[in-house]
Peer 1: 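My questions all concern the structure below.
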Amino acid sequence: MSLETVSENKAFGGTQGVYSHDSTATGTSMTFAVFVPEHEAGAKLPVLFYLSGLTCTHANVMEKGEYRKACADNGIIFVCPDTSPRGDDVPDDEGYDFGKGAGFYVNATEAPWSGHFHMRRYVEEELPALVAENFPVDMERQGITGHSMGGHGALTISLRNPGRYKSTSAFAPIVSPLNCPWGEKALTGYIGADKAAWREYDACVLIEDGARLPDLLVDQGRADNFLEEQLKTHLLEEAVTKAGMDATIRLHDGYDHSYYFISTFMADHIEWHAARLKA
């Protein structure tokens, strides 16, 4: 697959790059960021995929996430895709929580979204293949994480693909789209009104239906203004407890939904992933 280099900059001894390509999953040009730490020639490194939240592109975490030093210290490649297809021919919505910037990591089946909004296929299939072809990654050592809508994506993608990801974490994830306004709007619009079709896009339901992860790390700020209505972390706590699934879910006083929160705990997450990806 042809890859175009948009930019490359040296950072912490490694290379922070931005790349674009023509996507078969979305039918558009897609842009993503990759940090490759300094490494010995011929080495293959573990890779951590980071999925961003509503309104974001690859650039938000690249500019604010403060992941490069921890990735350099732990020898981990960090991959940051966009959150949706983009372009003049891509349909959009007036709201920030639907359309461009809000792909919700689903494969849309409803018009007009079904023509381009296949972010599930992009993240599960096309992007990993592209990364494997162009960067020094060991695809046997993949981890996944994300924030908010991207946390929902990380949880559901990992739960649907048992054994693929050696480590899974999330920052302030949407844990149950079936039970929050963001999820109801997105899944109705992209998938249709039949809620039975939504179940594969809800982490709590997937766990209830038998999906498991070997362990899980989630950080959530108690001062997050989306916590009660949209994120509902307590539903994930209840689901993992009922399932007997190992999970560390940490709630932090004073932290909100912003990258001030994410950047505070980013190094913790990378080191947690590193311990599992290097095992």
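Small disclaimer: the values here were computed from a predicted structure and weren't measured.
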Peer 1: Please determine whether the number of non-hydrogen atoms from other residues, nucleotides or ligands lying under 6.0 Å from atom OH of Tyr260 exceeds 12.
Peer 2: no

Peer 1: Should we say atom CD of Glu228 is surrounded by more than 12 heavy atoms from elsewhere, each under 6.0 Å from it?
Peer 2: no

Peer 1: Would you say Val36 and Ile270 are hydrophobically clustered, going by side-chain heavy atoms of ILVMFWY under 4.5 Å?
Peer 2: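 No; tracing contacts between hydrophobic side chains, which count when under 4.5 Å, never links both residues.
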
Peer 1: Between Ser263 and Lys64, is there a side-chain heavy-atom distance shorter than 4.5 Å?
Peer 2: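 Counting from C-beta outward, Lys64 and Ser263 never come under 4.5 Å.
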
Peer 1: Would you call the rings of His21 and Tyr122 parallel, tilted or perpendicular if under 30° counts as parallel and over 60° as perpendicular?
Peer 2: parallel

Peer 1: Between Lys100 (side chain only) and Pro91 (backbone N and O only), is there a donor and an acceptor less than 3.5 Å apart?
Peer 2: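 Checked: no pair found.
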
Peer 1: Are Leu216 and Leu213 close enough that some pair of their side-chain heavy atoms sits under 4.5 Å apart?
Peer 2: yes

Peer 1: How far apart are the closest heavy atoms of Ala72 and Pro37, and which atoms are they?
Peer 2: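 Ala72 and Pro37 have their closest heavy atoms at CA-CB, 3.8 Å.
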
Peer 1: Would the distance check show the side chain of Tyr165 and the main-chain N or O of Thr145 forming a donor-acceptor pair, the cut-off being under 3.5 Å?
Peer 2: no

Peer 1: What residue among Trp113, Phe104, Phe117 forms ring pair (Phe, Tyr, Trp, His ring centres under 6.0 Å) with Phe98?
Peer 2: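 Answer after filtering Trp113, Phe104, Phe117: Trp113.
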
Peer 1: According to a 4.5 Å side-chain heavy-atom criterion applied to Ile, Leu, Val, Met, Phe, Trp and Tyr, with indirect links allowed, do Ile157 and Leu48 form part of one hydrophobic cluster?
Peer 2: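 Ile157 does not cluster with Leu48.
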
Peer 1: Can you run down the ring pair (Phe, Tyr, Trp, His ring centres under 6.0 Å) pairs that involve residues 197-217, sequence neighbours left out, and say none if there aren't any?
Peer 2: none

Peer 1: With rounding to the nearest 0.5 angstrom, report the OG1 to CZ distance, Thr233 to Arg250.
Peer 2: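 Between Thr233 OG1 and Arg250 CZ, I get 13.5 Å after rounding to 0.5 Å.
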
Peer 1: Within the side chain of Asn74, is there an N or O that forms a donor-acceptor pair under 3.5 Å with the backbone of Ile76?
Peer 2: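 Side chain of Asn74 to backbone of Ile76, a donor-acceptor pair under 3.5 Å: no, none is there.
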
Peer 1: Begin from the C-alpha positions of Ser23 and Glu126 and carry the test side-chain hydrogen bond (donor to acceptor under 3.5 Å, both in side chains) through to its verdict.
Peer 2: CA-CA 8 Å; Ser23 169; Glu126 186 174 13; 2.7 Å; yes

Peer 1: I'd like to know if the side chain of Asp219 and the backbone of Ile249 have a donor-acceptor N/O pair within less than 3.5 Å.
Peer 2: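 No, the answer is negative, given that no donor and acceptor are paired below the 3.5 Å cut-off.
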
Peer 1: Taking atom NZ of Lys278 as the centre, does the number of heavy atoms from other residues, nucleotides or ligands within less than 6.0 Å exceed 12?
Peer 2: yes

Peer 1: So Tyr67 and Phe35, would you call those rings parallel, tilted or perpendicular, with 30° and 60° as cut-offs?
Peer 2: perpendicular

Peer 1: Do side-chain atoms of Thr5 reach the backbone of Ser7 as a donor and acceptor pair under 3.5 angstrom?
Peer 2: no

Peer 1: Are Thr57 and Thr83 side-chain neighbours, meaning at least one heavy-atom pair lies under 4.5 Å?
Peer 2: no

Peer 1: Applying side chain to side chain contact (heavy atoms under 4.5 Å, CB included) to Val106 and Met119, what does each step give before you reach the verdict?
Peer 2: CA-CA 6 Å; Val106 304; Met119 290 302 296; over 6 Å; no

Peer 1: Is any NZ, NE, NH1 or NH2 atom of the basic residue among Glu124 and Arg120 found under 4.0 Å from an Asp or Glu carboxylate oxygen of the other?
Peer 2: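 Salt bridge present between Glu124 and Arg120.
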
Peer 1: Using side chain to side chain contact (heavy atoms under 4.5 Å, CB included), reason through His273 and Ile144 one step at a time and then give a plain yes or no.
Peer 2: CA-CA 9 Å; His273 283 274; Ile144 192 166; over 6 Å; no

Peer 1: Looking at Arg86 and Met30, would you say the former's side chain and the latter's main chain have a donor-acceptor pair under 3.5 Å?
Peer 2: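 Between the backbone of Met30 and the side chain of Arg86 there is no qualifying donor-acceptor contact (under 3.5 Å).
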
Peer 1: Quick check: does any side chain N or O of Gln230 sit under 3.5 Å from a backbone N or O of Trp182, one acting as donor and the other as acceptor?
Peer 2: yes

Peer 1: With a 4.5 Å cut-off on side-chain heavy atoms, are Glu110 and Tyr190 touching?
Peer 2: no

Peer 1: If we count only N and O atoms by modelled type, under 3.5 Å, do the side chains of His58 and Asp82 hold a donor and an acceptor together?
Peer 2: no

Peer 1: Within a strict 4.5 Å, meaning less than it, do heavy atoms of the Leu155 and Ile174 side chains meet?
Peer 2: no

Peer 1: Run Ser52 and His147 through side-chain hydrogen bond (donor to acceptor under 3.5 Å, both in side chains) and show every step you take.
Peer 2: CA-CA 5 Å; Ser52 290; His147 170 233; over 6 Å; no

Peer 1: Just by distance, do the side chain of His152 and the backbone of Ser148 share a donor-acceptor pair under 3.5 Å?
Peer 2: no

Peer 1: What do the steps show when you test Arg160 against Glu200 for side chain to side chain contact (heavy atoms under 4.5 Å, CB included), and what is the final call?
Peer 2: CA-CA 8 Å; Arg160 285 195 307 263; Glu200 60 186 324; 4.2 Å; yes

Peer 1: For Tyr19 and Glu8, what are the C-alpha separation, side-chain angles and deciding distance, and is it a side-chain hydrogen bond (donor to acceptor under 3.5 Å, both in side chains)?
Peer 2: CA-CA 9 Å; Tyr19 308 93; Glu8 288 185 336; 2.8 Å; yes

Peer 1: Looking at side-chain heavy atoms only, is the closest gap between Phe171 and Val218 below 4.5 Å?
Peer 2: no

Peer 1: Look at Asp215 together with Lys166 and state whether they make a salt bridge at an N to O cut-off of under 4.0 Å.
Peer 2: no

Peer 1: Which of parallel (below 30°), tilted (30 to 60°) and perpendicular (above 60°) describes Phe32 and Phe135?
Peer 2: perpendicular

Peer 1: Should the ring pair Tyr50 and Tyr259 be called parallel, tilted or perpendicular, given that the plane angle runs from 0 to 90° and is split at 30 and 60?
Peer 2: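 Tilted.
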
Peer 1: Please tell me whether Leu277 and Trp272 are part of a single hydrophobic cluster in this structure, the criterion being side-chain heavy atoms less than 4.5 Å apart.
Peer 2: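 Cluster IDs for Leu277 and Trp272 differ.
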
Peer 1: Checking side chain to side chain contact (heavy atoms under 4.5 Å, CB included) for the pair Phe78/Met266: CA distance, chi angles, key distance, verdict?
Peer 2: CA-CA 12 Å; Phe78 198 86; Met266 180 65 83; 4.2 Å; yes

Peer 1: Do Leu187 and Leu231 share a hydrophobic cluster, counting only Ile, Leu, Val, Met, Phe, Trp and Tyr and linking them when any side-chain heavy atoms are less than 4.5 Å apart?
Peer 2: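 They do share one cluster, since a chain of ILVMFWY contacts under 4.5 Å joins Leu187 to Leu231.
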
Peer 1: Do the side-chain N and O atoms of Gln142 and Arg164 include a donor-acceptor pair separated by under 3.5 angstrom?
Peer 2: no

Peer 1: Should we count NZ of Lys185 as having more than 12 external heavy atoms under 6.0 Å?
Peer 2: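 Yes, the 6.0 Å shell around NZ holds more than 12 heavy atoms from other groups.
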
Peer 1: Between the side chains of Ser169 and His269, does any donor sit under 3.5 Å from an acceptor?
Peer 2: yes

Peer 1: For the pair Arg199 and Asp202, find out whether any cationic side-chain nitrogen is under 4.0 Å from an anionic carboxylate oxygen.
Peer 2: no

Peer 1: State, with a plain yes or no, whether a side-chain heavy atom of Pro46 is found less than 4.5 Å away from one of Ile77.
Peer 2: no

Peer 1: Should the pair Phe261 and Tyr255 be assigned to parallel (<30°), tilted (30 to 60°) or perpendicular (>60°) ring geometry?
Peer 2: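 Correct class here is tilted.
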
Peer 1: Could you tell me whether a side-chain N or O of His116 sits under 3.5 Å from a main-chain N or O of Val90, the two making a donor and an acceptor?
Peer 2: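 Not confirmed, His116 side chain does not pair with Val90 backbone.
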
Peer 1: Treat each ILVMFWY residue as a node, draw an edge where side-chain heavy atoms are under 4.5 Å apart, and state whether Ile191 and Val123 are in one component.
Peer 2: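 Yes, because Ile191 and Val123 connect within a single hydrophobic cluster, where side-chain heavy atoms sit under 4.5 Å apart.
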
Peer 1: Between the side chain of Arg141 and the main-chain N/O of Leu45, is any donor-acceptor distance below 3.5 Å?
Peer 2: no

Peer 1: Does the side chain of Asp256 reach to within under 4.5 Å of the side chain of Asn225, using non-hydrogen atoms?
Peer 2: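 Asp256 does not reach Asn225 side chain to side chain.
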
Peer 1: For Gln16 and Arg68, what are the C-alpha separation, side-chain angles and deciding distance, and is it a side-chain hydrogen bond (donor to acceptor under 3.5 Å, both in side chains)?
Peer 2: CA-CA 8 Å; Gln16 175 64 68; Arg68 278 172 286 269; 2.8 Å; yes

